[in-house]
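What follows is a single structure, written as structure tokens, with notes after it.
Note on naming: letters A, B, ... go to the chains in the order of the sequence lines (proteins, then strands), and numbering restarts at 1 for each one.
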Amino acid sequence: MDSSGIAYLGPRDFPTEDHLLDYLLDQHFDTISCDVETVTIKDRRLIGLGIGLNQQEAVYFRIMPEPSLYPNMTWRLLDQAQTIAGHNFIFDATVLLEYLNEFYNQHPIGVGGWHPTDSSIPGRYTIPPLLQSIALKLADTSLMGQMQGLPSLELANMTSRYVGMEIQRISDILPQRHTMLDLPWGVVANKCLYDCLATNRLYWKMEGPKWSGSQSFIWTHQENWDSGFDPSEPLTHWVSEGILDCYQVGIKLVPLLLKMTARGLGLYPNKVEHWYQEVSKKLLVYSDICTKEGFNPSSPQQVGYTLASRGNFLPFTKSKKQLKTDEETLEELSDPLASVILEHRGLSKLKGTYLAPYNPHIELTKPYWAHHRGVRAYTHYRMDLSTARLSSYDRSLMNIPDYIREIFAPDTGVWAWADYDQIEMRIMAQVSQDPTMMAAYERGEDIHWLTQQRLWPNSDRADESTRLRSKTFGFAMLYRAQAHTLSKHTKLPISTCSEYRTIWLATYPGVDEWQLETIADGWNQGWTETMYGRRCRLPSLDIAKPDHIEKCAVNYPIQGTGFDILARALLLCDSLSIDIALPVHDEILADGIVEFPRQLEDLGRLRTPFTQHRGLYWK
DNA sequence: CACCATGGCGCG
DNA sequence: AAAGCGCGCCATGGTG
């Protein structure tokens, strides 16, 4: 059925296309799976969409180069289903969001009366009703795997292990330096069809329907001796109530993440322009100096060579391929050229990373710079693989320097934001049940002052540098830093740090004990748990060193719990119609004169106080 | 030209 | 020899 752009995989024979369409129209497909194909992973233009009707049958609808003759059938199938299973559907949903936005922009009267610019408050966007309804009946096999801490989340690996089915990977069908558009559409369709079947089968294998309930359960799989059999993985998987709860939170997050992607952040165009001009002007001074010296300050290689030939001592980098020229090293040098280079670095980072993408007068160098430049800043969200924390990509908005945040403009005229106060230390107190730390937080005492008194008994509370060192100690010890690292951060001798490290661990013996136990758990299980009972997979020995794995073992429960709390906070805010513009790990930025609810402090087992701010500018 | 590794640095 | 975790993104420099 080449010309019509529709493909079927399954046991049935349809003499003509009309028979297939009749079949699709007549039958009810209750639990379907869905997968999109894009040009490449990076170029997320939609080229086709597959639907797994059940565990044996799937259909594919082409979008590019020519759309199929039956686009409405695609939406109909999605609409009539009760459950839609995806595999890492945040990605697919993002693709669909962009596709639908584009589609509606070209068709002034959108399907269902919806249009992206159709909103009473400027900048207050909603996601297309189609995506909204998909989100309400979404299941996600990748998220299931992540919450359980399964060893691999890749669709091909999971299907091979758990349902004994081998499917193609993109690299199997796509030669290097090619895109899906270079392949005959039938090849793409075929891959998509099998992916859909795989997702559907995985959903059932993992007891899909039980994931929307609250009763714990087990699912099992058989050894796949032909491939994918991992003797270290148990054949029985217990899904606890905690895992279920976290999974459901993850699913509910999907439409919210889409909404944030669709809304973006407003910009003050004149501020962007002004900053850009100022920074460019200053930059010129420094690059002139470097040009006269005959090197490019943006090249670490040239910087290293130039500084070394001027008689400076520079250590090698970790790989020993170049000389080390990072900030820490250059600060130690007395050569004035070193400060010139540092100034240049700071300014060019600012210009290239944080200003150029938002300045409409600058030539596009990255495709994702294109969206409404100078008017709004857009980004996309995903969950990180180890701890599930959110990350923002395609112009990340989660790493904007403090001092430049004034370029972002609230649509309502005022930003409101809430910061959790020392959330990771509080989580540490809770998971470790360390009596000293818990008592300090319960009484509302200052934990850094407590540390300071133990490490520097005669110090003054008002002494900022000692206080900063106490903070640094607490922060670094969250991850069981070695004396060497502590020394680097506090600029104290290693021997002193080693001594203080011992005192710190003795002050908080519960933390010491918990960290040792957690490391042991990590080795035994291959994962460690957040406060909510969610598992975080640890890196395996073939890709990470033992030491690193142990650091991860104590780090993930804390970072992961931080995400668990933030995710619930976001959902609570959203349910109260707070217009969330951007989450940043322990902070929520909202648009409008918002009063953040105090319930946000009681989402974990220990109170997590927050402070809130408002203003014309963020920060 | 597309793609990758490297060094460096922004955020939490 | 290596000595705190997670992430994204920039420019350079090298490859096929």
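Although no hydrogens or angles enter the test, the distance criterion places no donor-acceptor pair under 3.5 Å between the side chain of A:E327 and the main chain of A:L342. Checked by atom type and distance alone, the side chain of A:T38 never pairs as donor or acceptor with a backbone atom of A:L46 at under 3.5 Å.
Distances shorter than 4.0 Å separate some side-chain N or O of A:S391 from OP1 or OP2 on C:dG8. For B:dT6, neither phosphate oxygen OP1 nor OP2 lies less than 4.0 angstrom from any side-chain nitrogen or oxygen of A:K318. For C:dG13, one of the phosphate oxygens OP1 or OP2 lies less than 4.0 angstrom from a side-chain nitrogen or oxygen of A:Q302. In this model, the phosphate group of C:dT12 is approached by a side-chain N or O of A:N296 to a distance below 4.0 Å at OP1 or OP2. In terms of phosphate contacts, A:W618 brings no side-chain nitrogen or oxygen within less than 4.0 Å of OP1 or OP2 of B:dC11. In this model, the phosphate group of B:dG7 is approached by a side-chain N or O of A:T317 to a distance below 4.0 Å at OP1 or OP2. Under 4.0 angstrom from either OP1 or OP2 of C:dG6 there lies at least one side-chain N or O belonging to A:Y556. For the pair A:H585 and C:dC7, the criterion of a side-chain N or O lying under 4.0 Å from OP1 or OP2 is not met. An OP1 or OP2 oxygen of C:dG8 is reached within less than 4.0 angstrom by no side-chain nitrogen or oxygen of A:T353.
Counting only heavy atoms from C-beta on, A:R345 has its side chain closest to B:dG8 among B:dG7, B:dG8, C:dG6. Relative to the side chain of A:Q322, the nucleotides B:dG12, B:dG8, B:dG7 differ in distance, and B:dG7 lies closest. In this structure, of B:dG8, C:dC7, C:dC5, it is C:dC5 that holds the atom nearest to the side chain of A:C552. For A:K551, the side-chain atoms get nearest to C:dC5 when compared with the rest of C:dC9, B:dT6, C:dC5. Of the candidates B:dG10, B:dT6, B:dG12, B:dG12 carries the atom nearest the A:V584 side chain, counting heavy atoms from C-beta on. Closest approach to the A:T325 side chain among B:dC11, B:dT6, B:dG8 is made by B:dG8 (side chain taken as heavy atoms from C-beta onward). The side chain of A:Y354 lies closest to B:dG10 when the candidates are C:dG6, B:dC9, B:dG10. Distance from the side chain of A:S386 is smallest to C:dG6 among C:dG6, B:dG12, C:dA2. The side chain of A:N399 sits closest to B:dG10 out of B:dG10, B:dG8, C:dC10. Of the candidate nucleotides B:dG10, C:dG8, B:dG12, C:dG8 has the atom lying nearest to any side-chain atom of A:S396.
At the heavy-atom level, A:E587 lies nowhere under 4.0 Å from the strands shown. Using a 4.0 Å heavy-atom criterion, one finds that A:Y381 contacts no nucleic acid atom at all. At a threshold of 4.0 angstrom between heavy atoms, the contacts of A:I341 with the nucleic acid are absent. In this structure, A:I558 reaches neither bases nor backbone, as no heavy-atom distance under 4.0 Å exists between it and the strands shown. Base contact: A:H489 has a heavy atom under 4.0 Å from a base atom.
A salt bridge does not link A:E343 to A:K282: none of the charged nitrogens lies less than 4.0 Å from a carboxylate oxygen.
Atom OH in A:Y305 sits roughly 19 Å away from atom P in B:dG7 (whole-Å rounding). Computed from coordinates, the A:K321 NZ to B:dG7 P distance equals 7 Å when rounded to whole Å. In this entry the distance linking CD1 of A:I549 with C1' of C:dA2 reads 15 Å, nearest Å. To the nearest angstrom, P of C:dG8 lies 15 Å from NZ of A:K366. Residue A:D394 contributes atom CG, which lies 6 Å from atom P of C:dC9 at whole-angstrom precision. Per the geometry, CG belonging to A:L323 stands 11 Å off P belonging to B:dG7, to the nearest Å. When rounded to the nearest whole Å, the span between CZ of A:R537 and C1' of C:dC5 equals 18 Å.
Between the side chain of A:K349 and the base of B:dC9 there is at least one donor-acceptor pair of N/O atoms closer than 3.5 Å.
Taking all atoms of both residues into account, the shortest heavy-atom contact from A:W417 to A:G615 is CZ3-N, 4.0 Å.
The residue among A:R382 and A:Y479 whose nearest nucleotide of DNA chain C is located toward the 5' end is A:Y479.
In this structure, A:H371 and A:H380 have perpendicular ring planes: the angle between them is above 60°, well past the 30° mark.
No side-chain donor from either of A:E513 and A:Y508 sits under 3.5 Å from a side-chain acceptor of the other.
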**Message:** Please determine whether ring pair (Phe, Tyr, Trp, His ring centres under 6.0 Å) holds for the pair A:Y500 and A:W456, giving the CA-CA distance in whole Å, both sets of side-chain angles, and the decisive distance to 0.1 Å.
**Reply:** CA-CA 9 Å; A:Y500 286 166; A:W456 293 276; 4.9 Å; yes
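In this structure, A:R568 is positioned above the aromatic face of A:Y532, its NZ or CZ under 6.0 Å from the six-membered ring centre and within 45° of the axis.
Across the C1' atoms, B:dA5 and C:dA3 are found 24 Å apart, a figure rounded to whole Å.
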